[in-house]
Number of protein chains: 2
Amino acid sequence: MSVTIKDVARMANVSVASVSRALNGHGGVTAETQKRIREVATRLRYVPHNAARSLITRRTQTIGALLPDLHGAFFSELIRGIDLAARSRGLYLLVSSSHGDATEAAIALRAMQGRVDGLLVMSPHADEAFLDENLPVVLPTVLINSHVRSERHASLDVDDFGGAHAMTEHLLGLGRKRIVFIAGPEVNHDVQERIRGYRDALAAAGLGERAAILQGDFTEESGYHAGKQALAMVPRPDAIFAANDMMAIGCLSALAEAKVRTPDDIAVAGFDDIPMARYVSPPLTTVRIRIAELGEAALQRLAAMIEAPDDAAPEPHVVSTEIVVRASCGGGDTVRRRA
Amino acid sequence: MSVTIKDVARMANVSVASVSRALNGHGGVTAETQKRIREVATRLRYVPHNAARSLITRRTQTIGALLPDLHGAFFSELIRGIDLAARSRGLYLLVSSSHGDATEAAIALRAMQGRVDGLLVMSPHADEAFLDENLPVVLPTVLINSHVRSERHASLDVDDFGGAHAMTEHLLGLGRKRIVFIAGPEVNHDVQERIRGYRDALAAAGLGERAAILQGDFTEESGYHAGKQALAMVPRPDAIFAANDMMAIGCLSALAEAKVRTPDDIAVAGFDDIPMARYVSPPLTTVRIRIAELGEAALQRLAAMIEAPDDAAPEPHVVSTEIVVRASCGGGDTVRRRA
DNA sequence: ACCTCCTATGAAAACGTTTACGTTCCGCGC
DNA sequence: GCGCGGAACGTAAACGTTTTCATAGGAGGT
C-alpha cells in the first residue's frame, strides 16, 4: 500500500489539513512547519493520489483526444502539436483512437467522463446529433475538422477549400488547362471542400466545364489506378491534382510506369505535405497543412475554454494552408504562404 | 452538476448499492429491478464518475506511456501499436512525452501516480537509478528499449545487434568489402548495439580492421555530411550502412549530387524501414523493425503484469528485425525474416 | 408450525484528498 | 483585566463510487 497524506501527517505531527495546505502552498501554515512537512513528504516519497484529488477538486489536469485513427503522418503530427501545447500548460493527454463505428466512439467518450477537463474531438462520427447524445453538457469541447457548426462547441477547421482553390489557380497559372482531380472517400468532408475549391477555381477561370473528377480512397493504390485512368483519357490531361499526397505518389508511379514525363507531360500535385512528399521523385508540389499548428491551436482554444468556461465561444478558427512548389509541377522549391 | 449514482437510486426507488450492482452486473439483484435501474440510468444519461470509481477500486483502466518525444515515424508507429493493443483490452492511454531532462521526466512520472495501472517507459533518462528514485515500488512497468536489466521491471528490446549484424553480412554477401558505418548520437544505446553488430559481422568475415565509423546524429543533414566524408575517403568505400533511414536518405542525396551511382558505385543501407524508405530513389535497403508490434508486445506484457502482479518476470523479450532488400544495394524487392 | 438457509436489498464504511468551519492561543487596545 | 481579532492548526464533511455487513422476507424441509 502506498503512502498517503495521513502517513505524512502522522510523521510530521500535524493534521492532514496542514499537510495539504503546506504542500499546495495555500498559506495559513508557519514557514517552519511547512518546511518540516515538506521534508517528511519527500522522505516518505509521498505523492498525492490523483484520483482522490480530482474527485474533490473536479480538475484532472488532463484533456482527452478522440481520434479516428492513429495511422499515418497526419495524426502523428497532430498529436505532437497537441502534446506540445498541453505539456507547456502542465496538462496531460488521454488519447483514444481507432473506433470503427459510432458505438465504439460513444463508449470511448463515456470512458473519458470524470477523467478529463476537456475534450478534443476529431471523428467522422462526431456529427451534431452524436455529440448531443453522448457529450455531457458541461464538458468543454473543441471539434477539429468536423465542419460542424454548433453553438455548444468550439471548432477548428483546415482551409481545405482555400488550399485546393489556390493549388488549382497555381496549376492554371503554369498554363495547365486540363486538370483532373482525384477525390478521396465521399463521406469525408475535407474531400468535399477540396473538390469545391478545385471546381470553384476552374469556374473562375472560365474552365468550369473542364472539371473532371476521378474516384480514390486516399490510398497510394487508388492513386495509382486513378493515374492509369487519367492516362487513358482523351484528350489527355496535362495536370493531376490529388486530394492527398499518398494518392499523388501512387499517381507518380503510374506515370513513371507509362514513361510519361513529370512535370513535362503531366504535372502532379498533392495535398497535405507529408514528410515523404519532399523525397519522392520528382519531389511533390503540394498544399501544406500545418498540422502540428492545428493541434496546438486546438489545445490552446480548449485550455481557454477550461479556464473561462462562460466566455462566449469565439468564431470558428480556420487554419490556413500554403502551397509548396516542388519539381512535380515545374518550378523550383518555394513556399507561398496563404492568409 | 452532473448526475450521480444517487440520482439514479432515488429515481429508481432503490439504494445506491443496488444501482452499483445492477450496472456492473454483479448479481444479487432481480432481473426486474435490474432492468428498471438500467432504464432509469440511460434515461438520466448517467455515467459513472471515473475518479471516484478508481479511488475505491484502485483500478483506472489506463496505462501511461512515457516517451522521449513524439517526433517522426517511429513514435507514431509505436503509439499506434500500443493503442491498438490497449483498445482491444479496454484500456486507455495516457501519454506524456517531450521531457528534455530527467527532472521533467520525474515530474511526468509523479503526475501519473494514481492515474494509471501500469507504465510503459521509453526514455533516455530511464536508467536504473532514475527508476528506483521515481517509481512507486508497486506499479507494473515495462521498459522499452532501455537496455536496462532489472529484477523489478520487465523489458523489451529491439534486436539492434542482430539487425546490424545481418545487414552487414548481407552487404558482404553482395561482394562489398569496404563498408562504412554512419553512427547516431553516442549516448543512444541502440546505436551502440548497431555498431557492435556491424563490427562483429566484419570481424567474423576477417575484415575487422576495415571497420570505419563516421559520426552522425540521426538527422538527414548529418547523413548528407557523412556521405560527403565517405566520398572523400581513400580508398573509397563501396557501401555505406547508416544507423537509421533518415541519415541513409541524406547520404543518397550526397551521392546523387556527386554523380556517384547507387548501388553500382556505392551501395547504401539504412535502419528502421520508415515508410519513406520505399519511396526514395533508389528505394532503400534497410533493416525493418516492426515497431507497431513492439508497442503491442509491450502493452501485452504490461497487461499480463497487471492481471497477475506476482508472476515472476519472464526473461526480457527481444523484438526481431528483418532485412528489406530494395534497389539501393542491388537486388530485387524481398523481405528476409530473421528469428 | 418452526427452523434454516438463501436471496434481494439497504445502511454504512472506505478510498485519499480538499476545504469550510471551529478551536486555541497570543497580542493588543481599551 | 478583559474582550477582541487574527493567525495557526485541527475536525469533519464532502466528492462519487464499491463493497462489506446486516436485515428482512420467502421458500423449503422437517
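Letters go in sequence order (proteins before strands), and every chain restarts at 1.
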Can you check whether A:R58 has a side-chain N or O nearer than 4.0 Å to OP1 or OP2 of D:dG16?
-> yes
Counting any heavy atom closer than 4.0 Å, what does B:D7 reach on the DNA or RNA strands: base, sugar-phosphate only, or nothing?
-> nothing
Sequence neighbours excluded, the answer for ring pair (Phe, Tyr, Trp, His ring centres under 6.0 Å) partners of B:H189 is B:H147
Residues at least two apart in sequence or cross-chain that pass side chain to side chain contact (heavy atoms under 4.5 Å, CB included) with A:A111, listed by chain then number, are B:Y92
With sequence neighbours excluded, tell me which residues meet side chain to side chain contact (heavy atoms under 4.5 Å, CB included) with B:V40.
-> B:V8, B:M11, B:A12, B:R43, B:L44
Listed partners of A:K6 passing salt bridge (charged side-chain N to carboxylate O under 4.0 Å, His left out), at least two apart | none
Hey, is the side chain of B:T33 poking within less than 4.0 Å of OP1 or OP2 on C:dT9, counting only N and O atoms?
-> yes
Rounded to the nearest 0.5 Å, what separation is found between the CD atom of B:E104 and the OG atom of B:S96?
-> 9.0 Å
Which residues pass the salt bridge (charged side-chain N to carboxylate O under 4.0 Å, His left out) test with B:D190, sequence neighbours left out?
-> none
Where do N or O atoms of nucleotides 17-23 of chain C meet protein N or O atoms at under 3.5 Å, pair by pair?
| unit_1 | atom_1 | unit_2 | atom_2 | d |
| --- | --- | --- | --- | --- |
| C:dT17 | OP1 | A:Y46 | OH | 3.0 |
| C:dT17 | OP1 | A:H49 | N | 3.1 |
| C:dT17 | OP2 | A:I5 | N | 2.6 |
| C:dT17 | O5' | A:Y46 | OH | 3.0 |
| C:dT18 | OP1 | A:N24 | ND2 | 3.1 |
| C:dT18 | OP1 | A:R53 | NH1 | 3.4 |
| C:dT18 | OP2 | A:S20 | OG | 2.7 |

Could you tell me whether B:D83 and B:R80 have a side-chain N and a carboxylate O separated by less than 4.0 Å?
-> no
Residues that B:R36 engages under salt bridge (charged side-chain N to carboxylate O under 4.0 Å, His left out), provided they are two or more places apart = none
Residue list, side chain to side chain contact (heavy atoms under 4.5 Å, CB included) with B:R89, at least two apart or on another chain = B:A85, B:L91, B:L299, B:Q300, B:A303
Can you tell me the distance, in whole Å, between the CD1 atom of B:I37 and the C1' atom of C:dA8?
-> 11 Å
Measure from CZ on B:R10 to C1' on C:dA11 and round the result to the nearest Å.
-> 16 Å
What does the inter-axis angle of the helix from C:dA1-D:dT30 to C:dC30-D:dG1 come out as, five pairs per end, nearest 10 degrees?
-> 60°
Give a yes/no on whether any side-chain N or O of B:S54 is located under 4.0 angstrom from OP1 or OP2 of D:dT17.
-> no
Residues which pass side chain to side chain contact (heavy atoms under 4.5 Å, CB included) with B:S155, listed by chain and number, not counting sequence neighbours | B:L143, B:R149, B:D157, B:P316
To the nearest Å, give me how far apart CD (B:Q61) and P (D:dT18) are.
-> 12 Å
Residues that B:E296 engages under salt bridge (charged side-chain N to carboxylate O under 4.0 Å, His left out), provided they are two or more places apart = none
Report each atom pair, protein N/O against N/O of nucleotides 5-7 of chain C, whose distance is under 3.5 angstrom.
none

Nucleotide C:dA8, atom C1' - distance to CZ of B:R36 in whole Å = 12 Å
